[in-house]
Amino acid sequence: MSTRAAGTLSSVLRRLARHSELPSRPYKSSPLSLYIPRSPIATPSLREGPGISILSGVSTPRYSSRAPGKASGLLPDVNVGLGWPAKSTHLRLNETPAERSEREKQLSSAVRTILECLGEDPDREGLLKTPERYAKALLWMTRGYEERLSAIVNDAVFEEDHDEMVIVLDIGISSLCEHHLVPFTGKVSIAYIPNKLVLGLSKLARIAEIFSRRLQVQERLTKQIALAVQEAINPRGVGVVMEATHMCMTIRGVQKPGAITVTSCMLGCFRTQQKTREEFLTLTKGR
């Protein structure tokens, strides 16, 4: 090795030695820190009680598997939970008849303002009762905010030694797109493989109904249905496929009538086992 190279190497080694003797300093974030991997930090539960998100807008938790009989972390408690309610869901759920009437009056007043902003006369004969009609209709179309999962599932969980796939196909759903407040309609197929417990078949349709009767996006609706079934009976796996037509795509914007949006959510063995997933998808397509 040349004298110059040896000197350079010695200089590098001395700098490294000095660096190793420096006391450790607290980590300071910088733009580069975004690219530096850090050790995972435990995060507190996002729930302020069963099924209630602390953070506004956190409406659907991430799926986490659980052993039978154990708490499920971010999943809702089907016994008392509301299924990821919105910020004001409790007010609507527990309101008195007088408060309900006041809510309808406020909504009617808002609809009247909308009519005026559209350039219409809300006092003409054809629109005279429209604000009240639409207020009642909108509350009915979003009545899923007023229902509990526990009331839906009720006592329709049964012990049964059945370990093959259970599927309910083509359950009709109607919901309101939360982006434009116009309807999207379609059908959903729900499947699960029991783990000693089966759920009354009508309850699968009722679970789809409770979540579709809220302001929704199709992706979240699909996932919420799957998570609710998973929480209700803790099966070996759940599969949900939804097909829907969105009026926000057909009567406005790109105006593409006939376009169909397909979403799916696979949990448990439907996600981990390809054959199970393929069997489900084949049965939903081959009807």
Side-chain angles (χ1 to χ4, degrees), residues 51 60 63 65-66 68 72 75-76 78-79 81-84 141-144 147-176 183-214 216-246 260-287:
T60 311
Y63 168 70
S65 60
R66 64 184 174 97
S72 55
L75 293 177
V78 75
N79 295 313
L82 294 173
W84 316 288
M141 288 186 286
T142 58
R143 67 187 186 277
E147 297 182 274
R148 293 178 181 270
L149 283 174
S150 56
I152 296 301
V153 174
N154 202 1
D155 57 353
V157 177
F158 310 99
E159 292 187 19
E160 190 66 41
D161 188 20
H162 179 79
D163 58 1
E164 297 294 335
M165 194 177 299
V166 177
I167 310 177
V168 178
L169 297 170
D170 298 343
I171 301 169
I173 57 103
S174 297
S175 190
L176 288 177
F184 66 91
T185 60
K187 54 189 178 182
V188 59
S189 296
I190 307 172
Y192 70 93
I193 295 182
N195 182 19
K196 305 300 183 183
L197 296 176
V198 296
L199 186 62
L201 295 178
S202 66
K203 302 306 179 183
L204 296 175
R206 292 280 286 149
I207 287 173
E209 179 76 3
I210 187 177
F211 289 112
S212 65
R213 292 302 181 182
R214 302 178 181 190
Q216 282 286 10
V217 295
Q218 184 175 333
E219 297 87 342
R220 182 171 70 236
L221 175 57
T222 306
K223 186 175 183 181
Q224 287 181 334
I225 292 171
L227 288 172
V229 175
Q230 178 72 27
E231 179 66 14
I233 54 175
N234 192 27
R236 292 169 54 197
V238 181
V240 177
V241 172
M242 183 179 297
E243 303 176 4
T245 299
H246 294 247
I260 297 175
T261 301
V262 181
T263 52
S264 67
C265 181
M266 307 292 173
L267 305 179
C269 62
F270 283 80
R271 177 181 288 269
T272 60
Q273 298 178 15
Q274 182 179 354
K275 289 184 177 180
T276 301
R277 183 168 60 253
E278 288 179 349
E279 179 186 353
F280 170 51
L281 295 176
T282 299
L283 289 171
T284 58
K285 292 177 181 178
R287 58 188 182 280

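- Distance OG1/Thr272 to CG/Leu267: 10.5 Å, rounded to 0.5 Å.
- Minimum heavy-atom separation, Pro194 to Val166: CG-CG2, 4.1 Å.
- In this structure, Tyr192 and Val198 have side chains that are in contact, with non-hydrogen atoms separated by less than 4.5 Å.
- Using a 4.5 Å heavy-atom cutoff, the side chains of Ser189 and Asp170 are in contact.
- Between Phe270 atom CZ and Lys275 atom NZ the span is 15.5 Å, to the nearest 0.5 Å.
- Under a cut-off of 6.0 angstrom, the local environment of CD in Gln274 is sparse, with at most 12 non-hydrogen atoms contributed by other residues, nucleotides or ligands.
- Atom NZ of Lys187 and atom CD1 of Ile260 lie 7.5 Å apart (nearest 0.5 Å).
- Taking a cutoff of 4.0 Å between a charged side-chain nitrogen and a carboxylate oxygen, Arg143 and Glu209 qualify as a salt bridge.
- For the side-chain contact (heavy atoms from CB on, under 4.5 Å) criterion with Arg206, the lone passing option out of Ile152, Val153, Leu149 is Ile152.
- Within the 4.5 Å cutoff, the side chain of Ile207 has heavy atoms near those of the Leu199 side chain.
- Put simply, the side chain of Gln218 does not reach to within 4.5 Å of the side chain of Ile173, judged on heavy atoms.
- In this structure, the separation between CG on Leu221 and CD on Gln216 is 4.5 Å, given to the nearest 0.5 Å.
- Scanning for side-chain hydrogen bond (donor to acceptor under 3.5 Å, both in side chains) contacts around Gln273 gives Thr276, with sequence neighbours left out.
- Counting only heavy atoms from C-beta outward, the side chains of Glu159 and Leu197 approach each other to under 4.5 Å.
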**Study point:** Check against side chain to side chain contact (heavy atoms under 4.5 Å, CB included), Thr261 and Glu243
**Key:** CA-CA 6 Å; Thr261 301; Glu243 303 176 4; over 6 Å; no
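- With rounding to the nearest 0.5 Å, the separation of CD1 in Ile210 from NZ in Lys203 is 11.0 Å.
- Counting heavy atoms from C-beta on, the side chains of Val188 and Phe211 never come closer than 4.5 Å.
- Here ring pair (Phe, Tyr, Trp, His ring centres under 6.0 Å) pairs that include residues 148-168, with residues two or more places apart or in two chains, number zero.
- The line from CD1 of Ile171 to OG of Ser202 is 10.0 Å long, rounded to the nearest 0.5 Å.
- Side-chain atoms of Cys269 and Arg277, non-hydrogen and from C-beta on, never get closer than 4.5 Å to each other.
- Nearest heavy-atom pair across Ile167 and Ala191 is CG1-CB, 3.6 Å.
- The backbone N or O of Arg214 sits less than 3.5 Å from a side-chain atom of Ser175, completing a donor-acceptor pair.
- Two residues are said to be in side-chain contact when any heavy atoms from C-beta on lie closer than 4.5 Å; Met242 and Ser264 fail this criterion.
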